[in-house]
Amino acid sequence: MNWSKLLNKTFFLTAFFALNSILAIAQKSFQDIKNLYPDYNEIILQNAEVYDISIENNGLKIIQDNHYESMVLTQNGIFNNKESFSYSDLILLKNYDAYTVINENGKEKKIKVTQTIEKQSQQSSVFYNDVKERQLTFPNIETGAKKVYNYQTQFLDPHLLHKFIFGDAIPIQNSSLEIRADKNIVIDYKIFNDPNQTISYSKTEKKGKWIHKWTLSDIKPAKYEENAPGYLYIVPHINFYIKEYTINNKTTPVLGDIPELYNYYQQFVKNLNKKEDPELKALSLEITKDKKTDEEKIKTIFYWVKENIKYIAFENGYEGFIPREASLVFERKFGDCKDMGNIISCMAQYADVKNVTIAWIGTRSIPYSYNDLATPSVDNHMIAVFKKGDEYIFLDATDKETRYGIPTAFIQGKEVLFSENSQYKIYPVPVVPANQNEIRETINLKIENSKLSGSAKMERYGYNRSHTLMQIGDAANKARREMIKSLVLKGNNKFDLKDFKEENLTDKDLPYAIDYNFDLDNYIVKVDKEIYVNLFLDKFLEKAIIAKDRVSQYEFEYLTQFTTQYTLEIPKNYNIKYLPKNFDLDNNYIKAHFTYELKNNILYLNISLIQKKLLLNKNDFEPWNEAIKKLKTNYNETIILLEK
């Protein structure tokens with residue numbers, strides 16, 4: 001994954017042309033550079049952005065230039081002959097050029113890029129989905145060749161300045177951000193993920209402008225690791241913004257404080273749904289007519305939107321910020337997250353449900369709070385919020401399966417910004433506790449000759465319900481059977497799912513349930529008169545050991561409680577020779593309780609395992625691993641039956 005290109009797609013990273021710091025790099029030969037980076041197919045020689053911010057015609061003019069230059073070091077690197085950059089209707093592409101530099105008879109030769117295409121950028125951000133991507137195909141790529149491109153953009157809205165990333169999936173020799181601003185323009189910034197202050201900053205004066213410059217050299221590649229919360233939690237980067245500017249002794253605030261961000265957002269929603277839609281109002285009243293409370297009404301509206309409005313992410317210019325009229329969304333039967341939040345709010349108003357409003361929020365891929373950074377970089381999603389007494393219910397219709405009453409998984413633990421009593425309010429979205437995302441299972445086992453046979457029922461609640469059903473979708477027949485088998489798989493690959501029945505597929509308020517029967521061969525072990533059986537046919541979290549050299553935090557999508565009861569019918573001609581001890585564990589990460597009990601020739605193993613933390617930091621890794629090791633030790637405990 002190319003981190004800087006990902007940034008371009010996700011946050012409008014547009015960039016610039018600057019040749020001044022490349023000269024030192026040019027002096028190094030291909031072999032010198034290859035010797036410095038023997039383990040890489042390619043390196044970035046220079047990634048530089050320059051912003052020129054000036055006052056023109058009583059307003060701000062923002063021009064951004066970008067220069068990017070990389071070198072191919074190996075034969076494998078030759079296959080990567082494409083690069084891309086992004087722009088949009090609000091960040092206009094002014095010009096660009098791109099070329100390959102090769103060595104011909106000891107001299108550098110430029111070969112112009114002629115093969116380019118423009119396509120829609122693929123991303124999930126609420127504000128930036130009208131981003132266009134210019135893909136460049138570089139000709140004559142060989143070892144030692146350089147890929148160079150420059151482009152210039154103009155920001156039409158000063159609120160859309162964003163961030164600069166000092167990192168990529170490959171090494172970077174030199175990376176720099178420069179902002180040239182008139183003296184009556186105040187620039188502010190915040191640096192993230194640079195605890196050792198390796199990013200160098202300078203502020204100088206030149207030709208009546210303040211020149212802010214940040215540089216970092218010899219940047220190691222960002223390490224991709226599974227279950228990482230996102231690159232913005234790891235890679236050093238700067239968020240920068242215009243705090244204010246002064247024209248004719250009048251100072252205009254732009255960003256930096258929450259009220260400015262709230263006022264900016266409010267201009268996009270203050271005139272929504274002013275004209276009544278008779279059809280939508282009639283529908284809203286019809287579907288809620290038998291509902292007695294506001295909560296019953298809003299729940300009905302929420303589920304209606306989930307079922308009848310298709311989620312499609314698309315924006316164009318300021319449509320990235322402005323929800324479409326509820327009447328248009330109703331007519332089209334599709335919309336993005338802003339549109340879905342708005343139609344919920346509008347239908348609630350028609351149904352005379354008070355205290356429902358649309359709200360801004362950042363997903364968990366964004367590490368900032370509003371106090372950290374009061375700019376649009378903190379948000380990439382919109383939902384509706386219903387105030388129920390002193391409690392807030394978060395209504396995100398983009399996830400079709402998540403039930404009413406819990407937020408979607410990807411906004412847990414985040415802050416939501418909305419309007420209440422004509423003032424802004426920030427409220428924390430809770431992390432849904434494990435007991436609301438329970439996987440509950442009862443498994444009845446018998447020993448038949450050399451195999452186990454079983455009948456079982458699995459129930460999945462909360463996110464375990466919704467995420468499972470989203471994955472299964474409307475798969476049918478053989479494909480569906482294989483998906484169900486993967487959900488209920490027990491013991492080993494000799495597991496044979498004989499039959500199954502699903503329940504509560506459409507009722508979001510009930511757990512998704514599977515009743516099933518199975519055989520499990522080659523699992524029990526017979527030695528002379530003894531039978532060895534391990535009742536832990538599922539070993540929850542067993543593989544969740546965190547590597548010692550891990551760099552990133554470790555994130556779970558959601559917390560889960562596993563509740564399982566195994567019953568084993570003891571064969572009539574056998575007694576229990578060995579029964580493992582009960583097990584308890586309770587720390588900051590996991591609460592576990594395993595108990596064995598024999599009643600009327602039936603052996604019960606009751607398992608309760610609860611996760612406590614959604615995000616593990618580095619100082620959590622060792623105690624987490626110790627807890628998992630204790631679980632594994634108990635999972636390996638075996639029951640011994642002795643023939644009478």
Novice: Once the angle between the rings of Y368 and F192 is folded into 0 to 90°, is it parallel (under 30°), tilted (30 to 60°) or perpendicular (over 60°)?
Specialist: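 Because their plane-to-plane angle lies in the 30° to 60° range, the rings of Y368 and F192 count as tilted.
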Novice: Identify whether the distance between the nearest side-chain nitrogen and carboxylate oxygen of K306 and E401 falls below 4.0 Å.
Specialist: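 Result for this pair is no, no salt bridge flagged.
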Novice: Tell me if the aromatic rings of F583 and F594 count as close, with their centers under 6.0 Å from one another.
Specialist: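 Yes.
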Novice: Does the separation of the ring centres of F394 and Y392 fall below 6.0 angstrom?
Specialist: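 For F394 and Y392, the ring centres are not under 6.0 Å apart.
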Novice: So, are D584 and K591 salt-bridged, with charged N and O less than 4.0 Å apart?
Specialist: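 Salt bridge absent between D584 and K591.
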Novice: With a 3.5 Å distance limit and no angle check, can you tell me whether N308 reaches the backbone of W304 through a side-chain donor-acceptor pair?
Specialist: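 Yes, the answer is positive, given that a donor and an acceptor are paired below the 3.5 Å cut-off.
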Novice: Begin with the C-alpha distance, continue with both residues' side-chain angles, and end with the deciding distance and a verdict on side chain to side chain contact (heavy atoms under 4.5 Å, CB included) for V432 and Y463.
Specialist: CA-CA 9 Å; V432 176; Y463 296 138; 3.2 Å; yes
Novice: Is it true that E626 and Y589 share a donor-acceptor pair across their side chains at a distance under 3.5 Å?
Specialist: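 Checked: Y589/E626 side chains show no N/O donor-acceptor pair below 3.5 Å.
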Novice: Could you tell me whether a side-chain N or O of K400 sits under 3.5 Å from a main-chain N or O of E307, the two making a donor and an acceptor?
Specialist: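 Absent.
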Novice: Would you call E441 and K457 a salt bridge, using N to O less than 4.0 angstrom?
Specialist: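 Between K457 and E441 there is no salt bridge, as every charged N stays at least 4.0 Å from the carboxylate O atoms.
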Novice: Just say parallel, tilted or perpendicular for the rings of F556 and W624, cut-offs at 30° and 60°.
Specialist: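 Because their plane-to-plane angle lies in the 30° to 60° range, the rings of F556 and W624 count as tilted.
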Novice: Can Y424 and Y262 be said to form a ring-ring contact (aromatic ring centres under 6.0 Å, His included), step by step?
Specialist: CA-CA 7 Å; Y424 79 82; Y262 170 73; 5.7 Å; yes
Novice: May I ask you to check whether F495 and Y523 place their ring centres under 6.0 Å from each other?
Specialist: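 Ring centroids of Y523 and F495 are no less than 6.0 Å from each other.
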Novice: What about H162 and Y241, are their ring centers closer than 6.0 Å?
Specialist: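 No, the ring centres sit 6.0 Å or more apart.
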Novice: For the pair D586 and K612, find out whether any cationic side-chain nitrogen is under 4.0 Å from an anionic carboxylate oxygen.
Specialist: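 K612 and D586: salt-bridged.
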Novice: Assess the pair F268 and Y264: is the distance between their ring centroids shorter than 6.0 Å?
Specialist: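 Between Y264 and F268, which both carry aromatic rings, the centre distance is below 6.0 Å.
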Novice: Starting at NZ of K425, measure out to CD of E415 and round the result to the nearest 0.5 Å.
Specialist: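 Atom-to-atom, K425:NZ and E415:CD are 12.0 Å apart.
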Novice: Do H237 and Y231 have their ring centres less than 6.0 Å from each other?
Specialist: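 Ring centres of Y231 and H237 not closer than 6.0 Å.
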